[in-house]
Amino acid sequence: MFGFIRPVKSELRVRELDRFKAVYCGLCHALRARYGRLHTFFLSYDMTFLALVLESIQPEGANTIACRCDASPLRKKNVLEADDALACTADLSVLLTYHKLGDTVADERGVKRTAARVLRVLVRSGYRRAQQARPEADRVMRECLAQLAAVERDKLPSIDRAADPFARLLAGCVPVEDGMDARVLRELFYHIGRWIYLIDACYDVADDWKSGSYNPVILRYELQEPALAPVHDALETTLSRSLAAVYAAFALLDVRRDRELIENIICLGLPLVTRQVLDGTYQPNGGQSRHGSL
């Protein structure tokens with residue numbers, strides 16, 4: 001998907017880094033088992049974060065096993081065994097991928113649009129299975145994306161109204177029954193969704209300026225050039241407020257495991273990405289040559 005949510009490796013303990021990799025690989029295995037190899041290519045750090053949070057509140061944690069895979073056929077890797085949290089995250093990943101490809105088809109032109117159209121056909125069978133498994137999540141995604149499309153069509157110069165549909169999309173996908181944790185999780189992922197949408201808009205300013213595509217940051221601040229420097233402080237303030245709300249919600253969760261790892265992501269990883277995007281130094285995948293490397 002986006003890939004903005006990631007830990008700061010240098011601040012992780014060895015066991016925390018191993019845990020992040022195990023959850024990442026476990027989600028990859030869950031996607032392959034439930035939907036086939038093609039869907040593993042859409043695995044993201046953002047969905048790994050969702051899996052981590054869902055795993056952290058499970059009464060009992062899943063076991064870790066050593067096994068080989070397509071990415072590591074010779075050396076066994078520690079992989080989190082499939083459980084309800086990974087299965088749910090895999091389903092949501094497939095749904096989001098399908099709808100994101102649809103958004104690309106609607107918004108892009110040329111090669112990108114053609115590639116997205118082809119990929120959408122290839123992942124359609126997986127999407128239909130995920131839709132059957134999570135019909136309510138799919139309904140929420142469709143409604144929120146339709147609202148987002150209307151905002152983009154009307155070119156509303158409001159970052160809050162633009163970010164709200166995507167924020168509600170993530171919040172509405174929380175797969176827990178009503179209760180304290182459900183309300184807190186929805187609050188947490190609402191502000192994660194708002195942050196993702198706005199940080200992606202900031203990152204895309206130059207491309208959207210060139211193509212003429214809708215970008216709420218350009219319109220809201222009436223940018224006269226494709227640069228964030230004139231509005232750096234204002235953007236940093238609104239993005240930091242979302243991150244503060246994310247941590248405030250996380251602090252209310254009944255977390256049973258991985259607290260330090262998740263706090264690394266929220267308190268260090270997301271602020272670092274915020275600074276890098278606003279300063280123009282952000283590199284997708286942390287500048288690594290392949291996805292999944294930390």
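The figures here come from the full heavy-atom set of this structure, side chains too, leaving out hydrogens, waters and symmetry mates.
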What residues form a side-chain hydrogen bond (donor to acceptor under 3.5 Å, both in side chains) with [X], not counting sequence neighbours?
{"X": "Ser213", "value": "Ser211"}
{"X": "Tyr197", "value": "none"}
{"X": "Asn78", "value": "none"}

Please check if the side chain of [X] supplies one atom and the backbone of [Y] the other of a donor-acceptor pair under 3.5 Å.
{"X": "Thr40", "Y": "Gly36", "answer": "no"}
{"X": "Thr281", "Y": "Val277", "answer": "no"}
{"X": "Arg113", "Y": "Val105", "answer": "yes"}
{"X": "Ser93", "Y": "Ala90", "answer": "no"}
{"X": "Asp83", "Y": "Ala85", "answer": "yes"}

Decide whether [X] and [Y] are clustered together by the hydrophobic rule: side chain heavy atoms of Ile, Leu, Val, Met, Phe, Trp, Tyr closer than 4.5 Å, transitively.
{"X": "Val140", "Y": "Leu92", "answer": "no"}
{"X": "Val79", "Y": "Val23", "answer": "no"}
{"X": "Phe166", "Y": "Leu243", "answer": "yes"}
{"X": "Met47", "Y": "Leu38", "answer": "yes"}
{"X": "Val231", "Y": "Val205", "answer": "yes"}

Taking all heavy atoms of [X] and all of [Y], pick out the closest pair and write down the distance.
{"X": "Ile159", "Y": "Pro216", "result": "CG2-O, 3.8 Å"}
{"X": "Ala116", "Y": "Thr104", "result": "CB-CG2, 3.6 Å"}
{"X": "Arg37", "Y": "Phe41", "result": "O-CD1, 3.6 Å"}
{"X": "Leu86", "Y": "Ala51", "result": "CD2-CB, 4.0 Å"}

Q: For Tyr214, enumerate each residue passing the ring-ring contact (aromatic ring centres under 6.0 Å, His included) test, keeping only those at least two apart in sequence or located in another chain.
A: none
Q: Could you list the residues that satisfy ring-ring contact (aromatic ring centres under 6.0 Å, His included) with His29, not counting sequence neighbours?
A: none
Let me check something: any side-chain donor-acceptor pairs from residues 188-196 under 3.5 Å, sequence neighbours excluded? List them with distances.
residue: Tyr190; atom: OH; partner: Asp164; partner atom: OD1; Å: 2.6
residue: His191; atom: NE2; partner: Glu187; partner atom: OE2; Å: 3.0
residue: Arg194; atom: NH1; partner: Thr238; partner atom: O; Å: 3.3
residue: Arg194; atom: NH1; partner: Thr238; partner atom: OG1; Å: 3.3
residue: Arg194; atom: NH1; partner: Ser242; partner atom: OG; Å: 2.8
residue: Arg194; atom: NH2; partner: Asp160; partner atom: OD1; Å: 2.6
residue: Arg194; atom: NH2; partner: Thr238; partner atom: OG1; Å: 2.8
residue: Trp195; atom: NE1; partner: Thr274; partner atom: OG1; Å: 3.0

Say you draw a straight line from [atom1] of [X] to [atom2] of [Y]; how long is it, rounded to the nearest 0.5 Å?
{"X": "Gln276", "Y": "Cys202", "atom1": "CD", "atom2": "SG", "answer": "13.5 Å"}
{"X": "Met141", "Y": "Leu170", "atom1": "CE", "atom2": "CG", "answer": "8.0 Å"}
{"X": "Leu148", "Y": "His99", "atom1": "CG", "atom2": "NE2", "answer": "13.0 Å"}
{"X": "Tyr35", "Y": "Arg128", "atom1": "OH", "atom2": "CZ", "answer": "14.0 Å"}
{"X": "Glu236", "Y": "Leu278", "atom1": "CD", "atom2": "CG", "answer": "6.5 Å"}
{"X": "Leu27", "Y": "Leu50", "atom1": "CG", "atom2": "CG", "answer": "8.5 Å"}

Scan the side chains in residues 250-263 for donor-acceptor partners under 3.5 Å anywhere in the protein, sequence neighbours excluded, and list what turns up.
residue: Arg256; atom: NH1; partner: Ile57; partner atom: O; Å: 2.8
residue: Arg257; atom: NH1; partner: Glu55; partner atom: O; Å: 2.6
residue: Arg257; atom: NH1; partner: Gln58; partner atom: O; Å: 3.0
residue: Arg257; atom: NH2; partner: Gln58; partner atom: O; Å: 3.1
residue: Asp258; atom: OD1; partner: Arg19; partner atom: NE; Å: 3.1
residue: Asp258; atom: OD2; partner: Arg19; partner atom: NE; Å: 2.9
residue: Asp258; atom: OD2; partner: Arg19; partner atom: NH2; Å: 2.9
residue: Glu263; atom: OE2; partner: Tyr247; partner atom: OH; Å: 3.1

Q | Non-hydrogen side-chain atoms of Leu169 and Leu96 separated by less than 4.5 Å | A | yes
Q: Determine whether Ile265 and Leu52 make a side-chain contact, defined as any pair of heavy atoms from C-beta on separated by less than 4.5 Å.
A: yes
Q. Name the one of Leu270, Leu12, Leu17 that satisfies side-chain contact (heavy atoms from CB on, under 4.5 Å) with Asn264?
A. Leu12
(Q) For Asp84, I'd like to know if atom CG has over 12 heavy atoms of other residues, nucleotides or ligands within 6.0 Å. (A) no
Q: Check the angle between the aromatic planes of Tyr282 and Phe4 and answer parallel, tilted or perpendicular using the 30° and 60° thresholds.
A: tilted
**Q.** Residues which pass salt bridge (charged side-chain N to carboxylate O under 4.0 Å, His left out) with Arg129, listed by chain and number, not counting sequence neighbours
**A.** none
(Q) Holding to salt bridge (charged side-chain N to carboxylate O under 4.0 Å, His left out), I want the full list of residues that pass it with Arg134, two or more places apart in sequence or in another chain. (A) Asp91
Q. Pairs in or reaching into residues 202-215: which pass salt bridge (Lys or Arg N to Asp or Glu O under 4.0 Å), with residues at least two apart or in two chains?
A. none
Q: Could you note down all residue pairs passing salt bridge (Lys or Arg N to Asp or Glu O under 4.0 Å) where residues 142-153 supplies at least one of them, sequence neighbours left out?
A: Asp138-Arg142, Arg139-Glu143
**Q.** Partner set under side-chain contact (heavy atoms from CB on, under 4.5 Å) for Arg68, not counting sequence neighbours
**A.** Lys76
